[in-house]
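For reference, the structure is listed below as structure tokens.
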Amino acid sequence: MSHHHIICSNVSFSYDKNAEILHDISFSAGHDDAIGIIGANGVGKSTLLRILVGLEMDFTGEVTVGEIKVTKKTLPRIREKIGYVFQDSENQLFMPTVYEDIAFAPRNYGLDAEQVDERVRHALDLIGIEYLKNKQPYKMSGGEKKLAAIATILAMTPDVILMDEPTIALDPRNRRRLINILNSLDHIKIIASHDLDMVLETCNRVLLMSEGKIIADGKTREILTNKELLEANGLELPFCLQGDTGISYKPDVPHEHIHL
């Protein structure tokens, strides 16, 4: 049995024949990985996440999740293992209340009412948003919607969490809250983001993408302190590392984990 939970082998993808979005992408993710996917706009970060969860199927190459090959027939099993948090939380919240949104997937997978309620309450408690359970999503702030969207994923107890630009539109308090939540969760995490400071705090590994390819795969600190490499690929050092800030960051210090 492989110790890698996700294996992406020689994956390429095009929306049309004349515009390749991803080219020969290969990487694997194991049970201790929190991976940040970084790169300039348009390099294929979001597309890669969508392929991993089966939202884009017309790719070449092979993706396996928990030793299950991603195909149209296996999508229900894949989506039991992977939770995907959309960039726009409104795409994920469509029920009358937060409780109903979080309960939607467990109900669809055939859990009984008591099990569904237990899953919902556990997810609300993990994220710390019990106070939102009866609230209508359209009346919530962007930060509240993001936290609720994460709770909808946790209710399915996935092995892997994918996030696309999770800190977009968050105020500083909710951004900090999200970082703390991410660091407390015992999942494989793959996060596509332009927020390099957040990646520095939450990820132990980084994939740097350029023109649809992975051009660097290594420890977070090694890549995010490489000013020349980042600038050559349209990025800058994380803000906390720009200039003499006096900040001493230790990204490899383990966090206390929540086990689901």
Side-chain angles (χ1 to χ4, degrees), residues 1-37 39 42-89 91-94 101-111 115-116 119 149-150 152-166 185-193 205 207 209 211-215 217 260:
M1 180 178 291
S2 171
H3 67 285
H4 293 124
H5 198 82
I6 295 175
I7 301 176
C8 189
S9 302
N10 307 113
V11 169
S12 297
F13 177 82
S14 302
Y15 286 109
D16 61 65
K17 294 181 180 179
N18 299 318
E20 191 174 56
I21 305 299
L22 297 177
H23 179 71
D24 200 28
I25 296 289
S26 295
F27 75 97
S28 59
H31 291 282
D32 295 325
D33 277 326
I35 299 173
I37 302 179
V43 299
K45 302 186 298 296
S46 297
T47 301
L48 179 55
L49 293 186
R50 291 172 64 83
I51 286 173
L52 295 179
V53 76
L55 291 174
E56 303 288 355
M57 294 301 301
D58 295 328
F59 60 88
T60 60
E62 184 174 285
V63 177
T64 59
V65 178
E67 301 192 338
I68 301 170
K69 186 176 177 180
V70 176
T71 67
K72 290 182 179 179
K73 289 184 179 180
T74 64
L75 285 184
R77 295 169 66 196
I78 294 297
R79 290 172 183 168
E80 287 182 18
K81 295 178 175 294
I82 292 185
Y84 178 52
V85 181
F86 288 81
Q87 184 175 143
D88 185 351
S89 300
N91 291 333
Q92 210 146 355
L93 304 172
F94 51 87
D101 266 313
I102 299 172
F104 181 83
R107 283 176 180 155
N108 271 9
Y109 279 94
L111 300 185
Q115 290 173 312
V116 169
R119 291 283 190 95
I150 296 170
T152 68
I153 297 306
L154 295 182
M156 284 308 300
T157 61
D159 298 318
V160 181
I161 295 177
L162 309 180
M163 291 190 171
D164 191 0
E165 296 291 356
L185 295 174
D186 185 27
H187 297 73
I188 298 169
K189 296 179 283 276
I190 302 180
I191 304 168
S193 184
R205 179 178 162 203
L207 305 180
M209 295 183 65
E211 297 181 348
K213 302 176 184 179
I214 295 174
I215 61 168
D217 177 353
L260 295 181

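Quick caveat: nothing in here was measured; it's all calculated off a predicted structure.
In this structure, V65 and L52 have side chains that are not in contact, with every pair of non-hydrogen atoms separated by 4.5 Å or more. Here the side chains of Q92 and I153 are in contact, with some heavy-atom distance below 4.5 Å. Put simply, the side chain of H187 reaches to within 4.5 Å of the side chain of L154, judged on heavy atoms. Within the 4.5 Å cutoff, side-chain heavy atoms of R79 are placed close to those of L55. A heavy-atom distance below 4.5 Å is found between the side chains of V70 and L75. Considering only heavy atoms from C-beta on, P106 comes within 4.5 Å of M156 through its side chain. The side-chain heavy atoms of V160 and K81, taken from C-beta on, include no pair separated by under 4.5 Å.
K45 contributes a side-chain N or O that, together with a main-chain N or O of G39, makes up a donor-acceptor pair within less than 3.5 Å. In terms of modelled atom types and a separation under 3.5 Å, the side chain of D101 and the main chain of F94 share a donor-acceptor contact. Here the side chain of T74 pairs no donor or acceptor atom with the backbone of R77 at under 3.5 angstrom. Not one N or O on the side chain of R119 forms a donor-acceptor pair closer than 3.5 Å with the backbone of A103.
P166 approaches S193 most closely through the heavy-atom pair CD-CB, 4.4 Å. Of all heavy-atom pairs spanning A155 and I102, the tightest one is CB-CG2, 3.5 Å. Among all heavy-atom pairs drawn from I188 and A29, the shortest one is CG2-CB, 4.3 Å. Nearest heavy atoms, L22 versus G44: CD2-O, 3.5 Å. Nearest heavy-atom pair across E20 and S12 is OE2-CB, 3.7 Å. The nearest pair of heavy atoms linking S46 to Q87 is OG-NE2, 4.4 Å.
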Output, in order, the C-alpha distance, side-chain angles, deciding distance and verdict of side-chain contact (heavy atoms from CB on, under 4.5 Å) for I25 and M209. CA-CA 10 Å; I25 296 289; M209 295 183 65; 4.1 Å; yes

List the steps, then state whether salt bridge (Lys or Arg N to Asp or Glu O under 4.0 Å) holds for D24 with K213. CA-CA 7 Å; D24 200 28; K213 302 176 184 179; over 6 Å; no

Using the side-chain contact (heavy atoms from CB on, under 4.5 Å) rule, take I190 and I6 through it: C-alpha gap first, then chi angles, then the decisive distance, then the call. CA-CA 11 Å; I190 302 180; I6 295 175; 3.8 Å; yes

Go through the steps for I150 and M163 under the test side-chain contact (heavy atoms from CB on, under 4.5 Å), then give the verdict. CA-CA 9 Å; I150 296 170; M163 291 190 171; 3.7 Å; yes

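Between the OG atom in S26 and the CG atom in N10 there is a gap of 4.0 Å [rounded to 0.5 Å]. Here CG of L48 is found 4.5 Å from CD1 of I37. Values are rounded to the nearest 0.5 Å. Between the CG atom in L162 and the CD1 atom in I35 there is a gap of 10.0 Å [rounded to 0.5 Å]. I51 CD1 to F13 CZ: the interatomic distance, rounded to the nearest 0.5 Å, is 5.5 Å. Residue T71 holds its OG1 atom at 6.0 Å from CE of M57, rounded to the nearest 0.5 Å. Rounding to the nearest 0.5 angstrom, the gap separating the NE2 atom in H5 from the CD1 atom in I82 is 7.0 Å.
For CG of N91, the number of neighbouring non-hydrogen atoms (other residues, nucleotides, ligands) closer than 6.0 Å is greater than 12.
Applying the side-chain hydrogen bond (donor to acceptor under 3.5 Å, both in side chains) rule to Y109 yields no partners; only residues at least two apart in sequence or on another chain are considered.
Listed by first and then second residue, the ring pair (Phe, Tyr, Trp, His ring centres under 6.0 Å) pairs involving residues 51-85 are Y84-F86 (not counting sequence neighbours).
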